[in-house]
Amino acid sequence: MVGSNSMSSLPGKMRRLSRNGRLFVMYDAQVYALHGKDVDRVLRGVGRVSSFVIPPGERSKSRTQLSRLQDFLLSERVTREDVVVAVGGGVISDLVGYAAATTLRGIDWVVIPTTLLSMVDAAIGGKTGINHGLGKNLIGTFWQPRLVWCDTRFLMTLPDRELISGLGEVLKYAGLIGGKITEKLEDFLCGGCNLEDGAVAKLVESCIRYKAGVVELDELDTGKRMVLNFGHTFGHAVETGAGHGRLRHGEALMVGLKAAVDLSQARFPGATGALTHYARLVESFQEMVPRRKLSLDRLRDALFLDKKRGKSGPNFILLQKPGKPIITTNVKLRDVKTSLRIALKRFELTGNLDG
C-alpha cells in the first residue's frame, strides 16, 4: 500500500492478521519520538500494543540488538498468533524482520517504513538480517512481511541527508529502468532538492512495482533478483571501508553506482555513449555525499567477501544501457580497481587496494 496520510486505514487491514489481538511494535528511537504516540494510537484500533524502542543507526543491526529484541518478545510470551510491527527505516526492517523470522521459528510481521530508502527497497522483498564486522548483511534470512504500509507523509519529517540517502536507491532504479524515473530525479536536482508529496509517492510506486516484479520471479536471490544489487557490490564495500554508520547506505550506494557505471563503460564497448546521460546524473548526486576517511584495506576485504560473490569472485551488476542490466563475474581486476579509484577521488584514503 502506498498513499499519503493513509494511517487511519491501516487497522482494517491489520485486524485480518492479528488472530490474538497482540501487536509488538518495534520503533527506531528517533521515529518513536516523532510519531510513536500517533502510530500506537492507530494500532490500538487493532488490539493490545507493546512497544519497544531501538537505538537509531546502522550499528543497531547487531547481535546485541537482536538479542535485546528476542529477549523482549520471549519475556512477553509472544506466540505465533501475534504480529511484530517494524516502524522505521531500513535498519529497523532488516533487524526486526530477522528477529521475527528467528523467534519461535517465524512470527508474522508488518513493516511501516518511514524513510524513502526503506519504502523503495528495504521493506520490499523479505530480506532480513544483521551486519558482521567483515561486512554488511552477512547474517540473515528471507522472511516476507505480511503487509508493507507506505504512508509518504512520514517523509515530510525526514532530515535532508536522510531523504538524499533514500534517493540513492531511487538512482539505482533509474539505471535499471531508465526513462521517466531519470527525468523525475533531474527535476529533483533542478528544484533545489525538493519533492512534493505527490511526486514522492509516484517515485515510490515506480520503484516498488519494479522490485516486486523482480522478486516475484526470484524470491531467494539466486538469479534475476541479483540485478537489484546494481551498485551494491561496490557500495557495501565503501560503507564497510568508511566504518558502519559513518556513511548512510544510500550515500555509499551513490559512490558504488559511480564505480559500477565506470566499470560498465570499461566492460562493454558500446556502453560509454549509452550511459553518458545516466553517468552525469550519478555524478551530480555523488556530489552530495559527505567526505569521509576511508580504509582501502577494509574496503578490499569487504569487496571480496561480498555475499553476492560467485565461485569466480564477486558478482557485478553492470549496465549495457539504462534498462538493460547484466550480471557478470567476467571483469578484469585492473578495471575494478580503476573504477573504484575514480569513484573514491573525493575521499581521504588510507591503506591500498593491492594488498
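Heavy atoms only: backbone and side chains are in, while hydrogens, waters and symmetry mates are out. In this text the structure is predicted, and so the values were computed from the model without any measurement.
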Ser9 versus Ser6, side-chain donor and acceptor atoms under 3.5 Å: no
Is a side-chain N or O of Lys211 found less than 3.5 angstrom from the main chain of Ile124, in a donor-acceptor match? yes
Check for a donor-acceptor pair, side chain of Asp28 on one end and backbone N or O of Val31 on the other, with a separation under 3.5 Å. yes
Is a salt bridge present between Asp354 and Lys337, judged by a nitrogen-to-oxygen distance below 4.0 Å? yes
Nearest 0.5 Å, please: how far is CG in Leu73 from CD1 in Ile107? 5.5 Å
Mark yes or no for whether Trp109, through its side chain, and Trp143, through its backbone, hold a donor-acceptor pair below 3.5 Å. yes
Between Arg341 and Asp335, does any NZ, NE, NH1 or NH2 come within less than 4.0 Å of an OD or OE carboxylate oxygen? no
Closest contact, heavy atoms only, Gly125 versus Phe142: O-CD2, 4.5 Å
Once rounded to the nearest 0.5 Å, what's the spacing between atom CD of Gln70 and atom OG of Ser75? 11.5 Å
Tell me if the CZ atom of Arg44 is crowded by more than 12 foreign heavy atoms within 6.0 Å. yes
Assess, by modelled atom type and distance only, whether the side chains of Gln320 and Ser264 contain a donor and an acceptor separated by less than 3.5 Å. no
Here the salt bridge (charged side-chain N to carboxylate O under 4.0 Å, His left out) pairs for residues 76-89, sequence neighbours left out, are Arg22-Asp82, Arg48-Glu76
Between Val91 and Ser60, the two heavy atoms sitting closest are CG1-CB, 4.2 Å
Is the shortest heavy-atom distance from the side chain of Val110 to the side chain of Leu17 under 4.5 Å? yes
Once you measure the plane-to-plane angle for Tyr173 and Tyr210, does it fall in the parallel (<30°), tilted (30-60°) or perpendicular (>60°) bin? perpendicular
SB check Arg41 Asp38 (cutoff 4.0 Å): yes
Side-chain donor/acceptor of Ser339 to backbone N/O of Leu263, under 3.5 Å: yes
Ignoring hydrogens and angles, tell me if any N or O in the side chain of Arg346 forms a donor-acceptor pair with the backbone of Val289 under 3.5 Å. yes
Main chain of Phe154, side chain of Thr157: is a donor-acceptor contact present, judged purely on distance under 3.5 Å? yes
Before accepting this row, confirm whether a basic side-chain N of the pair Glu283/Arg280 lies closer than 4.0 Å to the acidic partner's carboxylate O. no
Does Asp71 come within less than 4.0 Å of Arg68, counting only side-chain N to carboxylate O? no
Are the side chains of Leu299 and Leu340 in touch, meaning some heavy atoms are under 4.5 Å apart? yes
When rounded to the nearest 0.5 Å, the distance separating CG of Leu303 from NE2 of His236 is 12.0 Å
Suppose we screen for salt bridge (Lys or Arg N to Asp or Glu O under 4.0 Å). Which residues come up paired with Arg59, at least two apart in sequence or across chains? none
Arg291/Glu348 ion pair, N-O < 4.0 Å: no
Once salt bridge (Lys or Arg N to Asp or Glu O under 4.0 Å) is applied, do any residues pair with Arg15, and if so which ones, sequence neighbours excluded? none
Rounded to the nearest 0.5 Å, what separation is found between the CG atom of Leu43 and the OG atom of Ser50? 11.5 Å
So, Gln30 and His35: side-chain donor and acceptor under 3.5 Å apart, yes or no? no
Side chains of Lys127 and Asn137: is there a donor and an acceptor less than 3.5 Å apart? no
Let me confirm one number: the CG-CG distance from Leu228 to Asp121, rounded to the nearest 0.5 Å. 7.5 Å
So which atom in Leu294 and which in Leu344 form the shortest heavy-atom distance, rounded to 0.1 Å? CD1-CD2, 4.1 Å
Per the ring pair (Phe, Tyr, Trp, His ring centres under 6.0 Å) rule, what does the pair list look like for residues 45-71, sequence neighbours excluded? Phe52-Phe72
Interatomic distance, CD1@Ile326 vs CG@Leu318, rounded to 0.5 Å, equals 8.5 Å
Between Leu158 and Thr114, which heavy-atom pair has the shortest distance, and what is it? CD2-O, 3.8 Å
Identify the heavy atoms of Ala174 and Leu185 that sit nearest to each other, and give their distance. CB-CD1, 3.9 Å
Answer with yes or no whether the side chains of Glu186 and His277 bring together a donor and an acceptor at under 3.5 Å. yes
Quick one: does any side-chain atom of Asn131 pair with a main-chain N or O of Lys136 as donor and acceptor, under 3.5 Å? no
Check whether any side-chain heavy atom of Arg298 sits under 4.5 Å from a side-chain heavy atom of Glu239, and report yes or no. no
Suppose we screen for salt bridge (Lys or Arg N to Asp or Glu O under 4.0 Å). Which residues come up paired with Arg161, at least two apart in sequence or across chains? Glu251
With a 4.0 Å cut-off, would you call Lys180 and Glu183 a salt bridge? no
At their closest point, which heavy atom of Ser51 faces which heavy atom of Tyr32, and how far apart are they? CB-CE1, 4.5 Å
By side chain to side chain donor-acceptor pair (under 3.5 Å) - contacts of Gln144 (at least two apart): Glu219
